[in-house]
Amino acid sequence: MNPFPIVMSAPSGAGKTTVTKELLARRSDLGYSVSCTTRAPRPGEVDGVDYHFLTEADFLQRVERNELAEHAIVHGRSYGTLKSAVQTVLDSGRHVIMDIDVQGARQFAQAYPHSVLVFLLPPSVEVLVARLIGRNTEDRSTLRTRLQSALAELRDVDRYHYVVINDHLEAAIARVGAIISAESVRRGRVPALDQQVQGLVQRLEQELSQYSA
Ligand code: 5GP
């Protein structure tokens, strides 16, 4: 297998984290790249599992040391993908899946052009707002920032290879799973395809030579 990065973007509240977590739990060919952020952990979030929670100074140091594959300010906080986290998963032979905002996705796709970019859409604005309020982790001004970001993010859908509407969780998981499976057999990703086909051609020619016209 030729592992590749899968970038998942969506406005907060589209259900991206749930879809990603479910795929990771169900598929052994996937690994997660834990991002860095300077935002505070939410209740229940674990450092090194959900994010590497860094101070602004630590984050800046990693940027300066060129340790990040991409980084961006999202909702007023810094977020970034560690090159080492991506490489560790790819080296283990698994596809690496990550949650990245639209600015980061653009940078990441330039650095890793074989990436698959998937945008998850909420089925409606009502569902988006309800999911954000239901989380109960956002105050009113945070909610407003997130809705403003959602508006900006929606305008970037064109940059993505695939768009999945999260109208029903199981269906969305199945669709993203199907994308990953289909992309793994895309012609350009099949390892040593030329040799494989060449081997088949040679064998077939030998076989054919035994059939006189
Ligand atoms: P949250 O704080 O709700 O976990 O994530 C907020 C936003 O930050 C989401 O849109 C998420 O995709 C984005 N995000 C999370 N990790 C990264 C990252 O490593 N890089 C970038 N550019 N965005 C990220």
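Side-chain atoms are counted along with the backbone in the values below, which use heavy atoms only and exclude waters and symmetry mates. Ligands are counted one by one from 1 in listed order, and the atoms in each one are counted from 1 as well.
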Problem set entry | N or O pair under 3.5 Å between Glu45 and ligand 1 | no

Exercise. Looking only at side chains, do Gln103 and Arg106 share a donor and an acceptor under 3.5 Å apart?
Worked result: no

For this session: Take every heavy atom of Phe108, measure it against each atom of ligand 1, and state whether any distance is under 4.0 Å.
Result: no

Problem set entry | Distance-only N or O hit between ligand 1 and His71, under 3.5 Å | no

Exercise. Of all the heavy atoms in Arg77, does at least one lie under 4.0 Å from an atom in ligand 1?
Worked result: no

Exercise. Can you tell which of Leu120, Ile100, Val164 makes a side chain to side chain contact (heavy atoms under 4.5 Å, CB included) with Lys16?
Worked result: Leu120

Exercise. Can you find an N/O atom of Thr81 closer than 3.5 Å to an N/O atom of ligand 1?
Worked result: yes

Problem set entry | Under-4.0 Å heavy-atom contact with ligand 1, by part of Met8 that carries it | neither

Exercise. Of all the heavy atoms in Gln103, does at least one lie under 4.0 Å from an atom in ligand 1?
Worked result: no

For this session: Working to the nearest 0.5 Å, report the span between CZ of Arg131 and CG of Asn166.
Result: 4.5 Å

Seminar exercise, completed: Of Asp99, Leu68, Thr37, Val34, the residue with the heavy atom nearest atom 24 (C) of ligand 1 is Asp99

For this session: Would you mind listing which atoms of ligand 1 come within a distance below 4.0 Å of any non-hydrogen atom of Lys16?
Result: 9 (C), 10 (O), 11 (C), 12 (O)

Problem set entry | Modelled atom types, side-chain donor and acceptor of Thr88 and Asp91, under 3.5 Å | no

Exercise. Near Arg39, which atoms of ligand 1 are under 4.0 Å from a heavy atom of that residue?
Worked result: 1 (P), 2 (O), 4 (O)

For this session: State whether a side-chain donor-acceptor pair under 3.5 Å links His75 with Thr145.
Result: no

For this session: State whether the shortest distance between N or O atoms of Arg42 and N or O atoms of ligand 1 falls below 3.5 angstrom.
Result: yes

Exercise. Do Asp50 and Arg42 sit within salt-bridge range, that is, some charged N less than 4.0 Å from a carboxylate O?
Worked result: no

For this session: Could you say whether the N/O atoms of Cys36 and ligand 1 ever approach to under 3.5 Å?
Result: no

Exercise. Are a donor atom and an acceptor atom from the side chains of Thr37 and Arg39 found within less than 3.5 Å of each other?
Worked result: no

For this session: Consider only side-chain heavy atoms of I, L, V, M, F, W and Y, link residues closer than 4.5 Å, and tell whether Leu151 and Leu147 are in one cluster.
Result: no

Problem set entry | Shortest heavy-atom approach to atom 23 (N) of ligand 1 - which of Asp101, Ile73, Leu132 | Asp101

For this session: Give, for atom SG of Cys36 and atom CD of Glu67, the distance between the pair rounded to the nearest 0.5 Å.
Result: 8.0 Å

Exercise. Do the ring planes of Phe4 and His95 sit parallel (below 30°), tilted (30 to 60°) or perpendicular (above 60°)?
Worked result: tilted

Problem set entry | Atom indices of ligand 1, in the order listed, that fall short of 4.0 Å to a heavy atom of Ala72 | 22 (N)

Problem set entry | Numbered atoms and elements of ligand 1 in range of Ser35, under 4.0 angstrom, heavy atoms | 16 (N), 17 (C), 18 (C), 19 (O)

